[in-house]
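Nothing fancy with the numbering, it's 1 onward along the sequence.
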Amino acid sequence: MKKYIFIISVIITCLTACQSKTDNTSDNAENTMVSTVVNDEYHFKFDDFELWTLQDKVNTMSMELFADADPAVVKELVPNGEADAAINAFLVNRNGQYILFDAGVGADNGGVMLETMHEIGVSENDIKAVCLTHFHFDHIGGLLTNGQATFPNAELYFSEKELSAFQNDEGVQAILTAYQNHTHAFADNAVILDGVTTLPAAGHTPGHTMYRIVDLLIIGDVIHAAALQIPHPEFCARYDQDKEQAIQIRQNTYQYIQDQHLIVAGMHLPKNGVIIQW
């Protein structure tokens with residue numbers, strides 16, 4: 001596997017990530033966090049849980065996806081027309097339980113998430129739960145391998161609103177069949193598993209969901225192109241189904257992150273996928 005190795009320092013317009021590979025502590029977050037690199041993979045250790053970035057693919061977001069954005073602003077912030085991005089999943093170890101957030105596109109489609117998991121000593125059988133932000137393919141493709149459940153011991157969690165919106169999707173139905181009797185549809189603002197809270201973030205999709213664990217907020221697809229959308233939350237990618245709602249969610253989420261002093265993990269944030277200080 002070709003390695004995409006970056007230094008921990010990440011600066012994208014108005015965001016600042018951690019400044020070194022070890023002993024990085026958020027000044028604002030109540031929960032102490034230290035970041036390291038394990039086998040060239042990003043590992044963040046909090047007081048009571050661990051987080052790994054499982055980067056399934058490195059990619060870019062073309063500014064052609066942002067047809068409603070001000071061309072002058074786009075040219076200033078993303079002069080080459082391609083914003084750095086990625087397809088990320090995140091692995092959390094809390095109290096010895098491995099929880100996966102999204103599953104990438106899958107090895108059958110060129111994803112390397114499972115290779116990364118194996119390198120840090122975690123197997124598919126170790127995953128006890130998979131929490132989905134939404135049902136787009138780049139978040140659920142890795143749930144199946146050759147038509148079978150990739151994570152045979154996992155419970156599958158998703159929004160009941162998302163299920164309602166995608167209930168006729170063949171890919172979603174295949175996943176529900178593979179994980180039958182192990183699926184859980186939750187309502188807004190539910191507490192699931194060991195202190196994992198769901199936060200509704202509809203707009204991108206009807207049941208798009210963020211997850212909060214102590215001082216960590218996993219934002220799913222609130223952001224597609226960080227270089228453009230962090231300074232300008234009013235710009236939507238064409239993937240957002242309800243643009244007005246998506247803009248409002250983005251603005252509210254940015255304020256929530258600031259008010260709560262949260263660390264952010266995003267499925268399309270580049271480099272290590274994590275913003276330590278907003």
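- Within a 6.0 Å radius of CD in Q251, more than 12 heavy atoms belonging to other residues, nucleotides or ligands are found.
- Contact between I223 and H268 at its shortest, heavy atoms only, is O-CB, 3.7 Å.
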- Task: For the pair L51 and I263, evaluate side-chain contact (heavy atoms from CB on, under 4.5 Å) and give the outcome as yes or no after the intermediate values.
- Result: CA-CA 11 Å; L51 171 73; I263 294 166; 5.9 Å; no
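- The pair K128-D194 does not meet the salt-bridge criterion, since no charged nitrogen lies less than 4.0 angstrom from a carboxylate oxygen.
- Between H261 and D215, the side chains place no donor N or O within less than 3.5 Å of an acceptor N or O (distance only, hydrogens not considered).
- In terms of modelled atom types and a separation under 3.5 Å, the side chain of N146 and the main chain of Q148 share no donor-acceptor contact.
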- Query: Run the side-chain contact (heavy atoms from CB on, under 4.5 Å) check on F137 and V105 step by step: do they pass?
  - Reply: CA-CA 6 Å; F137 179 76; V105 298; 4.1 Å; yes
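- Using a 4.5 Å cut-off between side-chain heavy atoms of Ile, Leu, Val, Met, Phe, Trp and Tyr, with links allowed through other members, I247 and F66 fall into different hydrophobic clusters.
- Side chains of D56 and T116 form no contact here, defined as non-hydrogen atoms less than 4.5 Å apart.
- Panel note: side chain D240, backbone G203; no donor-acceptor pair is recorded below 3.5 Å.
- Scanning both residues, L269 and A86, for their nearest heavy atoms gives O-CB, 3.7 Å.
- Here the side chain of T198 pairs a donor or acceptor atom with the backbone of A190 at under 3.5 angstrom.
- Remark: side-chain polar atoms of N88 are not paired, donor with acceptor, to backbone N or O of T53 under 3.5 angstrom.
- In this structure a side-chain-to-backbone donor-acceptor pair under 3.5 Å is present from Q229 to A225.
- Taking all atoms of both residues into account, the shortest heavy-atom contact from A178 to L144 is CB-CD2, 3.5 Å.
- Remark: the backbone N or O of E160 is not paired with any side-chain donor or acceptor of S164 at under 3.5 angstrom.
- Considering only heavy atoms from C-beta on, V130 stays 4.5 Å or farther from Y179 through its side chain.
- Here the side chain of R212 pairs no donor or acceptor atom with the backbone of L217 at under 3.5 angstrom.
- In the hydrophobic cluster analysis, where Ile, Leu, Val, Met, Phe, Trp and Tyr join through side-chain heavy atoms closer than 4.5 angstrom, F151 is grouped apart from I87.
- Residues H232 and L77 have side chains in contact (heavy-atom distance under 4.5 Å, counting atoms from C-beta outward).
- Follow the hydrophobic side-chain contacts under 4.5 Å out from I218 and you reach F49 in the same cluster.
- Under a 3.5 Å cut-off, the side chain of T150 and the backbone N or O of G142 do form a donor-acceptor pair.
- Between the side chains of E162 and T205, at least one donor N or O lies within less than 3.5 Å of an accepting N or O.
- Put simply, the side chain of S62 never gets that close to the backbone of T60: no donor and acceptor are under 3.5 Å apart.
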- Show your working on side-chain contact (heavy atoms from CB on, under 4.5 Å) between L132 and D102 and close with a plain yes or no. CA-CA 5 Å; L132 300 175; D102 284 352; 3.9 Å; yes
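- Judged by distance alone, the side chain of D70 and the main-chain N or O of A72 form a donor-acceptor pair under 3.5 Å.
- Sorted by first then second residue, the ring pair (Phe, Tyr, Trp, His ring centres under 6.0 Å) pairs that include residues 92-135, not counting sequence neighbours, are F101-Y211, H134-H136, H134-H139, H134-H204, H134-H208, F135-F158, F135-F166.
- Scanning all heavy atoms of the two residues, the minimum distance from D221 to M267 falls at OD1-CB, 3.7 Å.
- The side chain to side chain donor-acceptor pair (under 3.5 Å) search around E50 returns H43, N93, not counting sequence neighbours.
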